[in-house]
2 protein chains.
Amino acid sequence: MPQGVRAQQRELTRQALVRESRRLFSTLGYGAVGLSEIVAAAGVTKGALYHHFSSKAELFRVVLEQAQQEVAERIAATADARESSWEQLLVGCEAFLGASTDPAIQRIMLIDGPAVLGWAEWREMNEATSGRHLAEVLAVLIEEGTIPAQPVEPLTHLLSGAMNEAALWLAASSDPADLADATAALTRLLEALRVP
Amino acid sequence: MPQGVRAQQRELTRQALVRESRRLFSTLGYGAVGLSEIVAAAGVTKGALYHHFSSKAELFRVVLEQAQQEVAERIAATADARESSWEQLLVGCEAFLGASTDPAIQRIMLIDGPAVLGWAEWREMNEATSGRHLAEVLAVLIEEGTIPAQPVEPLTHLLSGAMNEAALWLAASSDPADLADATAALTRLLEALRVP
DNA sequence: GTCCTAGACATACTGAAGGTACGCCAACAC
DNA sequence: GTGTTGGCGTACCTTCAGTATGTCTAGGAC
């Protein structure tokens with residue numbers, strides 16, 4: 001918490017804006033949420049919003065960054081508890097699926113993210129957080145010889161995309177058995193990658 | 001071509017709107033294109049646009065439908081030339097990668113599609129076109145025993161997502177070797193699925 | 001304590017965008 | 001020839017992101 005009445009108030013306002021906009025973005029989607037709703041929910045005015053953020057898209061960017069961080073931390077916490085890199089890959093992927101199934105995370109991270117910021121910037125952010133974990137563990141596994149030698153980047157994108165789509169499907173599905181099926185299919189896919 | 005002067009003019013206007021909006025959507029993105037630009041490019045006014053389409057989103061929907069159809073046809077044409085289901089899967093996936101690498105297709109199909117129409121509707125359209133080919137051939141391969149017995153749907157989503165992401169990565173990449181690498185990685189992934 | 005500056009907002013406004021209401025005119029039916 | 005309807009243009013409305021400017025007070029200088 002910062003020192004001084006002013007700095008504290010500033011921080012409170014900023015947090016309220018981020019919190020409320022995240023709630024609204026995740027439930028209604030970026031396009032369907034007006035700035036007036038956000039500032040009303042945060043108990044401030046548009047003057048405050050534009051004092052803290054240069055545009056609606058930048059506010060979204062901060063929200064997305066926060067969500068990405070949280071997901072990455074969940075993955076890291078789950079994976080770091082394992083010894084072997086291979087197990088880290090498996091439980092890391094499962095953790096990603098679990099975290100990304102949350103509709104609130106989804107709408108922001110997977111649906112609106114690429115459209116609002118553009119795919120390039122979205123990818124960059126992804127690679128700075130959860131995507132990095134995946135790329136790193138794959139690189140280790142290839143070096144170890146657990147996975148056949150090959151360029152890391154294409155494989156990372158393939159797996160990352162597979163999990164993103166699976167997460168979206170799971171969130172839309174109503175059958176609870178689907179989660180088990182998807183996890184099983186993903187595990188099979190990963191196992192199939194391993195050298196015999 | 002429909003009969004009558006009126007019906008022909010109607011069709012021409014509609015086609016001009018779809019053609020120009022597709023061009024603009026694919027180059028600038030849905031959000032960055034105004035209706036005024038579209039109608040100006042098509043040589044009509046907003047009155048004409050709203051006579052043919054109920055909203056900007058519906059116009060986009062028609063454009064997306066058209067793009068999906070084209071991709072699906074390219075895949076079908078490539079795959080149908082092969083004898084075995086396994087080969088159909090391989091060349092079908094490659095055809096999808098090739099078609100989706102076109103930035104004009106991409107922006108509409110993979111970036112804006114889910115955000116504008118919502119993921120559920122986007123998925124539905126996908127499953128009616130190119131996604132169906134994938135699901136069908138996978139079902140056949142499982143029944144044949146070429147791929148281990150498992151639910152078809154999760155696997156379809158995993159592979160579909162993997163290819164979508166790979167296509168987006170390829171379009172953003174500048175190195176021409178990436179296409180070969182991605183294709184190789186995808187082929188390895190598919191081969192790994194096959195029962196030994 | 002006083003003064004002054006600057007930062008943290010609120011208020012009022014602008015431009016542009018999507019969408020609507022309505023009017024016009026040529027094509028088609030009869 | 002006359003009435004009707006479909007196809008489209010024009011003018012307008014509403015909403016929304018973004019801006020310009022005012023206001024008030026915390027906090028440092030003295």
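By convention in this document, chain letters (A, B, ...) are assigned in the order of the sequence lines, proteins followed by strands, and residues within each chain are numbered from 1.
- If you measure from atom CG of B:L49 to atom C1' of C:dA17, you get 13 Å, rounded to the nearest angstrom.
- Both A:S54 and A:E37 lie close to DNA chain D; mapped to their nearest nucleotides by heavy-atom distance, the more 5′-ward contact belongs to A:E37.
- D:dG6 atom C1' lies 16 Å from atom CG of B:L12, rounded to whole Å.
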*Protein proximity profile, nucleotides 23-30 of chain C - base contact B, sugar-phosphate-only contact S, no contact -, cut-off 4.0 Å on heavy atoms*: ---BBS--
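- Note on A:H51: every side-chain N or O is 4.0 Å or more away from OP1 and OP2 of C:dC9.
- At whole-Å resolution of the value, CZ in A:F60 and C1' in D:dA17 are 16 Å apart.
- For B:A48, the listed nucleotide lying nearest its side chain is D:dG9; candidates were D:dA17, D:dG9, C:dA8.
- The shortest distance between side-chain heavy atoms of B:V116 and B:W122 does not fall below 4.5 Å.
- Side-chain nitrogen and oxygen atoms of B:T13 include at least one within less than 4.0 Å of the OP1 or OP2 phosphate oxygen of D:dC8.
- When side chains are defined from C-beta on, B:R188 does not count as touching A:L155, because their heavy atoms never get closer than 4.5 Å.
- At the heavy-atom level, A:G47 lies under 4.0 Å from base atoms of the strands shown.
- Ranking C:dG19, D:dG18, C:dC9 by closeness to the A:S55 side chain, first place goes to D:dG18.
- Of the candidate nucleotides C:dG19, C:dA10, C:dA17, C:dA17 has the atom lying nearest to any side-chain atom of B:S36.
- Ionic pairing of A:E70 and A:R22 is present here: one or more N-O contacts between side-chain nitrogen and carboxylate oxygen are shorter than 4.0 angstrom.
- Rounded to whole angstrom, the span from the CZ atom of A:R10 across to the P atom of D:dA26 amounts to 17 Å.
- The shortest side-chain heavy-atom distance between B:H157 and B:R123 falls under the 4.5 Å cut-off.
- Going from atom CD of B:Q15 over to atom P of D:dG7 covers 14 Å, rounded to whole Å.
- The side chain of B:L35 approaches C:dG19 more closely than any other nucleotide in the set C:dG19, D:dA17, C:dC9.
- Rounded to whole angstrom, the span from the CD atom of A:Q8 across to the P atom of D:dT25 amounts to 18 Å.
- Below the 3.5 angstrom threshold, one finds a donor paired with an acceptor across the side chain of A:K46 and the base of D:dA17.
- Dashed line: the shortest gap from a side-chain N or O of B:H52 to OP1 or OP2 of D:dC8 is under 4.0 Å.
- Contact of the A:L59 side chain with the A:I38 side chain is registered, since non-hydrogen atoms from C-beta on lie closer than 4.5 Å.
- Map B:V33 and A:T45 each onto its nearest nucleotide of DNA chain C; the residue landing nearer the 5' end is A:T45.
- B:A41 and B:E20 make their closest contact through CB-OE1, 3.6 Å (heavy atoms, listed as atom of the first residue, atom of the second, distance).
- For the side chain to side chain contact (heavy atoms under 4.5 Å, CB included) criterion with B:L17, the lone passing option out of B:V44, B:V63, B:L12 is B:V44.
- Note on A:L186: it does not cluster hydrophobically with A:V91, by side-chain heavy-atom contacts below 4.5 Å among ILVMFWY residues.
- Atoms CG (B:L24) and C1' (C:dA17) sit 15 Å apart, rounded to a whole Å.
- Taking atom OH of A:Y50 as the reference point, atom C1' of D:dA20 lies 13 Å away to the nearest angstrom.
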